[in-house]
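Taking it in order: structure first as C-alpha cells, then the write-up.
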Amino acid sequence: MRRITSFLQNPVIYGILGFILVASPSLYFFFAGFPGTSVSETWNQTESGINKTIVTKTVWIGAFNPILLIFVIGAAVAAWGCYCRTSMAWIGSFFFCLLTRYSLCPV
C-alpha cells in the first residue's frame, strides 16, 4: 500500500500525464488539421436552361495553426514545473488555462 501512495503522491507522474493528455492531441491537430466541409456552387447556361451545380467536399481546416503549438509550450512548462518547482507548475497551468479561455471564447 505504501508503494501505491508514494506513486500517487509523486508530482512528476501528474506532470507527465498532463503533458501527454494536452500535447498529443494538440500536436495531432497541428499536423492533421480539423475536418470540415466546403460547399461551392456553379451556374451553367445550356440550351435547355440554367443548371445549378452544388459541390460538397471535405477539407482540412487549421493545419499548421500556431495556437496549437502554444498549447504544447504551456503544457511543457507545467510538466517541467511539476519536476522542478511548484511555482513553475502553477505558471504553466495558469498560462494554459488563460490561453484556453481566450482561444475558445474570444469575446
Side-chain angles (χ1 to χ4, degrees):
M1 190 67 167
R2 179 174 271 176
R3 273 188 181 173
I4 294 173
T5 56
S6 67
F7 178 74
L8 293 176
Q9 290 174 349
N10 189 356
V12 176
I13 301 301
Y14 294 107
I16 292 171
L17 183 66
F19 181 73
I20 290 170
L21 290 175
V22 170
S24 58
S26 296
L27 285 175
Y28 173 75
F29 287 121
F30 176 76
F31 290 110
F34 298 100
T37 305
S38 172
V39 179
S40 62
E41 55 183 51
T42 57
W43 297 85
N44 296 325
Q45 179 78 34
T46 61
E47 294 176 2
S48 61
I50 297 175
N51 293 333
K52 178 181 174 183
T53 304
I54 299 175
V55 177
T56 305
K57 59 183 176 180
T58 302
V59 295
W60 294 96
I61 303 168
F64 303 108
N65 189 354
I67 196 77
L68 296 172
L69 290 181
I70 296 174
F71 279 127
V72 174
I73 292 169
V77 168
W80 185 258
C82 287
Y83 183 72
C84 293
R85 267 182 243 125
T86 307
S87 60
M88 193 172 176
W90 278 106
I91 288 170
S93 300
F94 180 72
F95 175 72
F96 180 75
C97 290
L98 190 68
L99 182 67
T100 304
R101 160 61 174 105
Y102 287 109
S103 67
L104 297 178
C105 305
V107 177

Within this structure, what is the CG-NZ distance for the pair Asn44 and Lys52, rounded to the nearest 0.5 Å?
12.5 Å
Could you state the interatomic distance from CZ (Phe31) to OG (Ser26), rounded to the nearest 0.5 Å?
11.5 Å
Would you say Trp80 and Val77 make side-chain contact, with heavy atoms under 4.5 Å?
no
Grouping I, L, V, M, F, W and Y whenever their side-chain heavy atoms are under 4.5 Å apart, do Phe71 and Phe29 come out in a common cluster?
yes
Counting C-beta onward and ignoring hydrogens, is there a side-chain heavy-atom pair between Leu27 and Leu69 closer than 4.5 Å?
yes
Are Leu21 and Tyr14 co-members of a hydrophobic cluster defined by side-chain heavy atoms under 4.5 Å apart?
no
Are Leu17 and Val22 grouped together when hydrophobic residues (ILVMFWY) are joined by side-chain heavy atoms under 4.5 angstrom apart?
no
Can you see which heavy atom on Ile20 is nearest to which on Pro25, and at what distance?
O-CD, 3.9 Å
Determine the minimum heavy-atom distance between Ile50 and Trp43, stating which atoms define it.
CG2-CE3, 3.5 Å
Shortest non-hydrogen separation from Ala79 to Gly15 and the atoms involved:
CB-O, 3.4 Å
